[in-house]
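Below: one structure, written as structure tokens.
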Amino acid sequence: MSEHDFPGIDGFLGTRATLMLDLLVLAMFAVMLVLGWSVYQVRYRRRYQLHKWVQITLAAILLITVAMFEIDIRLHGWESRAAGSVGGSPAAIVWYSLYVHLVFALTTVLLWPVVIVLALRNFPNPPRPSLHSRIHVPLARLAAADMVMTAVTGWIFYYVAFVR
Ligand code: HEM
């Protein structure tokens, strides 16, 4: 095994990350665009049904992607790749940026299902503004902001761990 023979499949972005990490880092760009578009549709165009299905699809796709990513990480680890040598340990800043990222990632994973289940139970079907708006609008804005912070801190972690 050479020094750079890391476990797992190499990605295509030319960094030390795995294929799954590269896919996830790019997928988060798409998630940001679709999320922004969905909120625009509901806020300015009043397309509630469209917003509902975009949000549910987004959550389902993300769940599958994150599960695949977790399996990749559990199977192959990431520490050698972050350290830059097999058996090496990542720098302290890599761990700090991971912890900051995990705060947002974990709260997002908890918050999104809550927002979706509450919306499905409490908005009329087909969805339109109702009494539940008073809970949904602030809570869903928080959930959306949490997702944006998850993406931003995830990109920072990727850079610090696998590019630098
Ligand atoms: C995690 C998933 C979701 C997120 C992040 C989200 C995000 C948002 C945001 C940010 C707004 C407020 C837009 C504004 O600033 O005015 C909004 C409004 C709305 N959402 Fe969602 N949403 C989600 C899921 C759903 C689901 C599943 C439904 C339907 C069952 C739904 C129905 C609505 C409706 C009807 C409004 C309009 C409320 C009003 O203006 O009174 N949302 N959503």
Side-chain angles (χ1 to χ4, degrees), residues 8-9 11-13 15 17-78 82 93-163:
I9 305 170
F12 50 84
L13 293 178
T15 69
T18 60
L19 178 62
M20 269 314 296
L21 274 163
D22 280 4
L23 287 174
L24 195 57
V25 151
L26 289 187
M28 287 314 282
F29 275 103
V31 168
M32 293 296 99
L33 291 178
V34 173
L35 180 60
W37 179 74
S38 171
V39 172
Y40 172 85
Q41 291 296 332
V42 79
R43 183 174 176 142
Y44 297 106
R45 312 286 303 275
R46 298 183 191 160
R47 297 174 77 182
Y48 304 115
Q49 184 78 316
L50 177 71
H51 167 74
K52 169 180 173 178
W53 286 112
V54 171
Q55 291 305 136
I56 291 174
T57 311
L58 207 54
I61 293 174
L62 265 170
L63 204 62
I64 295 167
T65 323
V66 170
M68 285 168 66
F69 154 79
E70 278 296 322
I71 292 167
D72 178 56
I73 288 292
R74 295 283 169 267
L75 281 181
H76 304 119
W78 58 275
I93 186 157
V94 174
W95 289 104
Y96 293 143
S97 57
L98 177 61
Y99 291 146
V100 173
H101 172 61
L102 286 180
V103 170
F104 292 107
L106 291 177
T107 50
T108 302
V109 163
L110 296 176
L111 201 50
W112 271 55
V114 171
V115 169
I116 290 177
V117 170
L118 286 180
L120 289 177
R121 284 207 190 142
N122 296 301
F123 277 127
N125 188 11
R128 64 186 143 75
S130 76
L131 268 182
H132 182 60
S133 300
R134 288 174 58 182
I135 291 171
H136 182 75
V137 173
L139 199 63
R141 279 186 188 162
L142 185 69
D146 211 0
M147 184 64 88
V148 172
M149 287 307 295
T150 300
V152 170
T153 55
W155 290 327
I156 292 172
F157 170 69
Y158 180 95
Y159 176 80
V160 171
F162 307 113
V163 182

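Start at 1 and go down the list; that is how both ligands and their atoms are numbered.
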* How are the rings of Trp155 and Phe29 set to each other: parallel, tilted or perpendicular (split at 30° and 60°)? -> parallel

* Structure fact -> The closest protein heavy-atom partner of atom 15 (O) of ligand 1 is Arg141 NH2, 2.8 Å

* To do: Mind listing the closest non-hydrogen atom pair of Val115 and Ala140 along with its distance?
  => CG1-CB, 4.0 Å

* To do: Name the closest protein heavy atom to atom 16 (O) of ligand 1, giving the residue it belongs to and the distance to 0.1 Å.
  => Arg43 CG, 3.6 Å

* To do: Say whether His136, considering both its backbone and side-chain N or O atoms, lies within less than 3.5 Å of an N or O atom on ligand 1.
  => yes

* When only distance counts, is Arg128 in polar contact with ligand 1, meaning an N/O pair under 3.5 Å? -> no

* At their closest point, which heavy atom of Trp112 faces which heavy atom of Ala59, and how far apart are they? -> CE3-CB, 4.0 Å

* To do: State, yes or no, whether a side-chain contact exists between Thr150 and Thr107 at a heavy-atom distance under 4.5 Å.
  => no

* Asked: Is there a side-chain contact between Leu120 and Lys52 (heavy atoms, below 4.5 Å)?
  -> yes

* N/O separation below 3.5 Å, Trp112 to ligand 1 -> no

* Asked: Which is closest to atom 28 (C) of ligand 1 by heavy-atom distance: Ala144, Pro126, Ala119, Ser38?
  -> Ala119

* To do: Would you mind checking which non-hydrogen protein atom is closest to atom 7 (C) of ligand 1, with the distance to 0.1 Å?
  => Ala140 CB, 3.3 Å

* To do: List the closest protein heavy-atom neighbour of atom 12 (C) of ligand 1: residue, atom name, distance to the nearest 0.1 Å.
  => Val137 CG1, 4.0 Å

* For atom 33 (C) of ligand 1, state which one of His51, His132, Arg47 supplies the nearest heavy atom. => His51

* Asked: Hey, mind stepping through Val54 and Gln41 against side-chain contact (heavy atoms from CB on, under 4.5 Å) and telling me if it holds?
  -> CA-CA 10 Å; Val54 171; Gln41 291 296 332; over 6 Å; no

* Distance filter under 4.0 Å to Lys52 heavy atoms, resulting ligand 1 atoms -> 29 (C), 30 (C)

* Asked: Are any non-hydrogen side-chain atoms of Phe104 and Val100 less than 4.5 angstrom apart?
  -> yes

* **Ile116: numbered ligand 1 atoms lying under 4.0 Å from its heavy atoms** => 1 (C), 2 (C)

* Asked: Which residue supplies the protein heavy atom nearest to atom 39 (C) of ligand 1, what is that atom called, and how far is it?
  -> Ser133 OG, 3.6 Å

* Which residue supplies the protein heavy atom nearest to atom 37 (C) of ligand 1, what is that atom called, and how far is it? -> Tyr48 CE2, 3.6 Å

* To do: Name the closest protein heavy atom to atom 3 (C) of ligand 1, giving the residue it belongs to and the distance to 0.1 Å.
  => Gln55 NE2, 3.3 Å

* **Ligand-side contact atoms (ligand 1) for residue partner Pro129, heavy atom cut-off under 4.0 Å** => 39 (C), 41 (O)

* Asked: How are the rings of Phe157 and His101 set to each other: parallel, tilted or perpendicular (split at 30° and 60°)?
  -> parallel

* Asked: So, for Ala82 and Phe162, which heavy atoms are closest and what is the spacing to 0.1 Å?
  -> N-CE2, 3.8 Å

* Shortest protein contact, atom 13 (C) of ligand 1 (heavy atom only) -> Val42 CG1, 3.9 Å

* Compare all side-chain heavy atoms of Met147 with those of Met28 and state whether any distance is below 4.5 angstrom. => yes

